[in-house]
Amino acid sequence: MAYVITAAHPDDAAILGPLHLRNWLENYLNPDAGVDEAWIREHRGSSSTAEGITQWREFIEVANQDPAPHFCRVVRSETEIVGYLCGQGEDSVTLGPMYLLGHAQGHGIGGRLMAEFLTWAGPARIRLGVADYNEGAIRFYLRHGFEITGERYLWRGRMPTLPMTREAPSAG
């Protein structure tokens with residue numbers, strides 16, 4: 001299957017909102033941490049509501065400005081959007097969210113998305129938070145120059161999260 005990375009279009013918001021919730025439900029359930037379906041729907045369910053989709057649309061519209069203070073790319077297969085990477089910032093950049101559906105993983109798409117994001121971010125320091133039990137994501141970020149830069153914290157009082165940073169490249 002061919003995958004194409006494109007800038008998100010405002011009309012993609014209607015897909016990205018529900019896809020964001022789907023990814024949380026597929027990737028972040030952790031009964032040991034108390035991260036169950038109800039908790040995820042409480043904290044991420046709004047992304048698939050009319051208001052959440054409007055917020056996605058507004059984010060994408062800003063990401064399509066020039067220069068863009070936001071970044072948003074989607075991965076399209078022949079039939080659907082299978083992933084996305086977004087971020088924001090200027091002096092200090094925040095990466096996230098970044099998701100790929102399971103069937104789209106293992107094809108080098110994540111690396112291609114990250115390369116586009118790093119180009120957009122330029123020399124800025126990049127921060128992110130990753131669930132401490134998402135070992136695949138942690139390995140991915142480590143391969144792309146991120147380091148764990150602090151103590152685990154509980155996002156929204158429950159999800160164990162590791163802060164990661166990719167320092168700005170030193171001027172040569």
Side-chain angles (χ1 to χ4, degrees), residues 1-31 33 35-37 39-41 43-49 52-64 68 70-89 93-121 126-148 155 159-166:
M1 178 166 296
Y3 296 103
V4 177
I5 298 170
T6 68
H9 184 276
D11 289 342
D12 293 334
I15 296 166
L16 292 176
L19 182 59
H20 188 63
L21 176 59
R22 175 181 171 186
N23 276 301
W24 270 77
L25 291 168
E26 289 180 2
N27 294 299
Y28 293 109
L29 291 172
N30 184 330
V35 179
D36 59 13
E37 181 176 345
W39 188 87
I40 289 173
R41 287 188 182 281
H43 293 281
R44 285 293 178 237
S46 65
S47 68
S48 63
T49 65
I53 291 168
T54 296
Q55 291 172 350
W56 272 100
R57 177 179 294 278
E58 291 168 355
F59 185 92
I60 292 166
E61 287 170 351
V62 171
N64 288 335
H70 296 171
F71 176 93
C72 194
R73 298 291 184 275
V74 296
V75 180
R76 300 176 193 279
S77 72
E78 294 152 3
T79 58
E80 64 181 333
I81 293 177
V82 298
Y84 53 93
L85 189 158
C86 298
Q88 57 189 337
V93 172
T94 302
L95 184 155
M98 178 179 187
Y99 299 107
L100 281 174
L101 293 177
H103 67 275
Q105 295 177 16
H107 300 284
I109 301 164
R112 290 174 30 214
L113 273 172
M114 182 62 75
E116 287 196 26
F117 182 79
L118 295 176
T119 298
W120 171 82
I126 304 169
R127 298 169 302 148
L128 62 88
V130 60
D132 76 349
Y133 52 89
N134 191 341
E135 295 174 7
I138 294 168
R139 284 191 306 272
F140 175 84
Y141 294 129
L142 289 170
R143 279 196 313 271
H144 290 278
F146 289 83
E147 296 177 351
I148 297 169
W155 183 77
M159 179 179 280
T161 302
L162 292 173
M164 297 186 80
T165 302
R166 186 177 193 270

Do any N or O atoms from the side chain of [X] and from the backbone of [Y] form a donor-acceptor pair under 3.5 angstrom?
X      : Y      : result
Asp36  : Asn30  : no
Trp120 : Ala115 : no
Ser47  : Gly45  : no

Less than 4.0 angstrom from a charged side-chain N to a carboxylate O is my criterion; do Glu37 and Arg41 meet it?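 Salt bridge present between Glu37 and Arg41.
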Note: Arg57-Asp12 ion pair, threshold 4.0 Å (strictly below):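 Salt bridge absent between Arg57 and Asp12.
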Taking all non-hydrogen atoms of both residues into account, name the closest pair between [X] and [Y] and its distance.
X      : Y      : value
Ser48  : Pro18  : CB-CA, 3.7 Å
Gln88  : Phe59  : OE1-CE1, 3.9 Å
Ala13  : Ile60  : N-CD1, 4.1 Å
Leu142 : Met164 : CD2-CE, 3.8 Å
Gly83  : Leu19  : N-CD2, 4.3 Å
Ile81  : Leu101 : O-CD1, 4.2 Å

If you measure from CD1 on Ile109 to CZ on Arg73, what distance do you get to the nearest 0.5 Å?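 One gets 15.5 Å once the value is rounded to the nearest 0.5 Å.
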To the nearest 0.5 Å, how far apart are CG in Leu21 and OG in Ser46?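 Rounded to the nearest 0.5 Å, the CG-OG separation comes out at 9.0 Å.
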Checking side chain to side chain contact (heavy atoms under 4.5 Å, CB included) for the pair Phe146/Thr165: CA distance, chi angles, key distance, verdict? CA-CA 5 Å; Phe146 289 83; Thr165 302; 5.6 Å; no
Test side chain to side chain contact (heavy atoms under 4.5 Å, CB included) on Val4 and Val75; report intermediate values, then the result. CA-CA 6 Å; Val4 177; Val75 180; over 6 Å; no
Check this for me: Glu26, atom CD, are more than 12 non-hydrogen atoms of other residues, nucleotides or ligands nearer than 6.0 Å?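 Yes, the 6.0 Å shell around CD holds more than 12 heavy atoms from other groups.
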Donor-acceptor pairs under 3.5 Å, side chain of residues 126-136 to any protein atom, not counting sequence neighbours: which ones?
unit_1	atom_1	unit_2	atom_2	d
Arg127	NE	Ser92	OG	3.1
Arg127	NH2	Thr94	OG1	3.0
Tyr133	OH	Tyr28	O	2.6
Asn134	OD1	Ala137	N	3.2

The criterion is salt bridge (charged side-chain N to carboxylate O under 4.0 Å, His left out); which residues satisfy it with Glu61, sequence neighbours excluded?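 If we apply the salt bridge (charged side-chain N to carboxylate O under 4.0 Å, His left out) test to Glu61, skipping adjacent residues, there are no hits.
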Under the salt bridge (charged side-chain N to carboxylate O under 4.0 Å, His left out) rule, collect the residues that match up with Arg166, sequence neighbours excluded.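 If we apply the salt bridge (charged side-chain N to carboxylate O under 4.0 Å, His left out) test to Arg166, skipping adjacent residues, there are no hits.
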Suppose we screen for ring-ring contact (aromatic ring centres under 6.0 Å, His included). Which residues come up paired with [X], at least two apart in sequence or across chains?
X      : value
Tyr84  : Trp56, Tyr99
Phe140 : His144
His9   : none

Could you walk me through whether Met98 and Leu113 satisfy the side chain to side chain contact (heavy atoms under 4.5 Å, CB included) test, starting with their C-alpha distance in whole Å, then the side-chain angles of each, then the deciding distance to 0.1 Å, before giving a yes or no? CA-CA 9 Å; Met98 178 179 187; Leu113 273 172; 4.2 Å; yes
Going by distance alone, is a donor N or O of one side chain under 3.5 Å from an acceptor N or O of the other, for Arg76 and Thr6?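 Thr6 and Arg76 do have a side-chain donor-acceptor pair below 3.5 Å.
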Note, Leu16 side chain near Cys86 side chain (heavy atom, < 4.5 Å):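 No, side chains not in contact.
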Leu95 vs Tyr141, test: side chain to side chain contact (heavy atoms under 4.5 Å, CB included). Steps then yes/no. CA-CA 11 Å; Leu95 184 155; Tyr141 294 129; 3.9 Å; yes
